Number of protein chains: 2
Amino acid sequence: MGMTAMFSDKDASSLLRQHDINPTPQRIRITALLKSKCVHMSAEDVYLAINRKGKYLVSKATVYNTLGLLSQHGVVREVIADPGKVFYDPNTEPHHHFFDVTTGELVDIDASRVRVTGLPALPPGATFEGVEIIVRLRSPKDK
Amino acid sequence: MGMTAMFSDKDASSLLRQHDINPTPQRIRITALLKSKCVHMSAEDVYLAINRKGKYLVSKATVYNTLGLLSQHGVVREVIADPGKVFYDPNTEPHHHFFDVTTGELVDIDASRVRVTGLPALPPGATFEGVEIIVRLRSPKDK
DNA sequence: CTTAATGCAAAGGCTTTGCAGAGAC
DNA sequence: GTCTCTGCAAAGCCTTTGCATTAAG
């Protein structure tokens with residue numbers, strides 16, 4: 001069973017090249033962070049995770065610019081579930097999400113067992129960008 | 001055929017009372033606006049629609065407070081589709097949405113023909129808040 | 001008079017932008 | 001030298017909050 005998905009800087013670098021992105025040190029770090037920790041992170045999360053321990057490595061502007069770039073090129077996926085901030089998901093395979101309105105946490109739902117039928121055709125001329133199912137739930141202990 | 005869904009201030013008033021909300025003039029106006037125009041509006045949209053024509057009727061703070069209140073009490077539904085602003089949907093029946101990333105426009109998808117199967121059970125203790133399917137699309141003419 | 005709702009302005013959070021400086025070739 | 005990327009700070013939305021004013025019973 002499965003190898004743990006390690007994600008080295010080298011992996012990040014070649015992934016970026018595959019997506020026609022110039023692999024700068026900052027982009028490599030952000031990509032490696034997201035792809036190795038397989039969790040959903042906001043821009044702030046990424047910024048803090050990269051610059052923790054007193055080492056300053058990437059500015060906030062670059063974090064935002066890079067996350068936008070990675071989304072546009074399909075390296076990561078934006079998830080709009082929390083009013084007020086965007087999550088970035090390293091998993092670009094089709095899948096859906098639970099969103100906990102109490103904690104603001106996002107949890108993957110494997111799409112392989114989920115089936116959606118009966119969606120109408122797109123308006124004429126429109127191109128498909130993606131489908132997302134979000135199941136909103138409330139944690140216990142929420143007053 | 002059918003009657004056009006008119007929505008008077010009186011209707012709004014009794015709807016608010018049904019949901020245990022004290023029907024103040026501002027709340028009545030906002031409710032009547034959303035329920036008569038059956039479209040998705042942001043807080044800003046509501047604010048502008050109510051205060052147009054030079055008549056000043058409701059402050060922005062009250063618009064935000066009221067929309068939050070209406071959502072909490074199930075009079076309208078929040079739709080999180082646009083990163084950066086919340087839409088309020090007068091339709092509280094189960095249904096889904098197209099979101100046009102070019103124009104920022106939200107269009108209803110009738111849920112009666114849509115079927116979703118295979119969703120996993122909620123985490124233990126969690127209470128269900130809602131499901132939303134958002135189909136993202138891009139308009140033609142987007143450069 | 002007491003309680004609730006409104007409105008203004010200020011503050012707050014997330015994100016984008018302008019532009020100077022640093023880096024790559 | 002040219003082109004690209006980065007980083008800082010400022011600015012921009014959208015939204016929330018504090019608090020005085022007004023309305024309701």
Side-chain angles (χ1 to χ4, degrees), chain A residues 9 12-13 16-17 19-31 33 40-51 54-73 75-76 78-89 99 101 103-104 106, chain B residues 9 12-13 16-17 19-31 33 40-51 54-73 75-76 78-89 99 101 103-104 106:
Chain A
D9 285 6
S13 192
L16 289 170
R17 267 186 290 263
H19 287 269
D20 297 311
I21 297 174
N22 188 11
T24 67
Q26 291 84 347
R27 289 169 182 175
I28 290 169
R29 268 182 219 290
I30 292 171
T31 304
L33 172 70
H40 310 90
M41 303 179 88
S42 66
E44 178 78 11
D45 294 336
V46 170
Y47 178 78
L48 292 175
I50 288 194
N51 297 313
K55 300 186 192 173
Y56 185 88
L57 295 168
V58 186
S59 74
K60 204 163 257 188
T62 298
V63 169
Y64 275 98
N65 290 336
T66 300
L67 290 173
L69 193 68
L70 297 181
S71 303
Q72 285 163 34
H73 288 252
V75 180
V76 300
E78 274 187 351
V79 182
I80 315 294
D82 189 332
K85 68 183 164 188
V86 175
F87 282 104
Y88 293 89
D89 190 339
F99 180 70
V101 300
T103 63
L106 208 54
Chain B
D9 284 6
S13 192
L16 289 171
R17 265 186 289 263
H19 288 268
D20 297 311
I21 297 173
N22 187 9
T24 67
Q26 291 85 345
R27 290 170 181 172
I28 290 169
R29 269 182 219 290
I30 292 172
T31 303
L33 172 70
H40 309 90
M41 303 180 87
S42 66
E44 179 78 11
D45 294 336
V46 170
Y47 178 77
L48 291 175
I50 289 194
N51 296 315
K55 301 187 194 171
Y56 186 89
L57 295 168
V58 185
S59 74
K60 203 163 260 190
T62 297
V63 169
Y64 275 98
N65 290 337
T66 299
L67 290 172
L69 192 70
L70 297 180
S71 303
Q72 286 163 34
H73 289 252
V75 180
V76 301
E78 273 187 351
V79 182
I80 317 293
D82 188 333
K85 68 182 164 188
V86 175
F87 282 105
Y88 294 88
D89 189 339
F99 179 69
V101 300
T103 63
L106 209 54

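Predicted model only: the values in this text are computed from it and were never measured. Below, chain A is the first sequence line, B the second, and so on; all start at residue 1.
- Backbone-only engagement by A:N22 is indicated by non-hydrogen atom pairs under 4.0 Å involving sugar-phosphate atoms exclusively.
- Contact check of residues 40-48 of chain A against DNA chain C (heavy atom, cut-off under 4.0 Å) returns A:A43.
- Between B:K85 atom NZ and C:dG13 atom C1' there is a gap of 18 Å when expressed in whole angstrom units.
- Across all strands, A:L69 comes closer than 4.0 Å to no nucleic acid atom at all (heavy-atom distances).
- Using a 4.0 Å heavy-atom criterion, one finds that B:I21 contacts no nucleic acid atom at all.
- For the residue pair A:S42 and A:F87, the shortest heavy atom distance occurs at N-CD2, 3.9 Å.
- The distance from the CG atom of B:L70 to the CD1 atom of B:I30 is 7.0 Å, given to the nearest 0.5 Å.
- Between C:dG7 and B:T62, a contact under 4.0 Å exists linking OP1 or OP2 to a side-chain N or O.
- Of the options B:L33, B:V76, B:L106, B:D89, a side chain to side chain contact (heavy atoms under 4.5 Å, CB included) to B:M41 is made by B:L33 and by none of the others.
- Put simply, the side chain of B:P25 does not reach to within 4.5 Å of the side chain of B:I28, judged on heavy atoms.
- The CG atom of A:D82 sits 11 Å away from the C1' atom of C:dG13 (whole-angstrom rounding).
- Remark: A:T24 is not in phosphate contact with C:dA24, judged by side-chain N or O atoms under 4.0 Å from OP1 or OP2.
- In this structure, A:V86 and A:I80 have side chains that are in contact, with non-hydrogen atoms separated by less than 4.5 Å.
- As rounded to whole Å, 15 Å separates atom P of C:dA10 from atom NZ of B:K60.
- Dashed line: the shortest gap from a side-chain N or O of B:Y56 to OP1 or OP2 of C:dC8 is under 4.0 Å.
- For the salt bridge (Lys or Arg N to Asp or Glu O under 4.0 Å) condition, the pairs that include at least one residue of residues 56-65 of chain B, sequence neighbours left out, are B:E44-B:K60.
- Look at CG on B:N65: it is 10 Å from C1' on C:dG7, rounded to the nearest Å.
- Distance A:E78 CD to C:dC14 P: 16 Å, rounded to the nearest Å.
- Taking 4.0 Å as the cutoff to heavy atoms of chain B, we find the contact window on DNA chain D bounded by D:dC14 to D:dT17.
- Residue B:F87 is the one, among B:P25 and B:F87, whose nearest nucleotide of DNA chain D lies closer to the 5' end (criterion: closest heavy atom).
- Proximity of a side-chain donor or acceptor of A:N51 to a complementary backbone N or O of A:V58 within less than 3.5 Å is detected.
- The closest side-chain donor-acceptor pair between B:N65 and B:T62, if any, does not fall under 3.5 angstrom.
- Atom CZ of B:R27 is surrounded by more than 12 heavy atoms from other residues, nucleotides or ligands within 6.0 Å.
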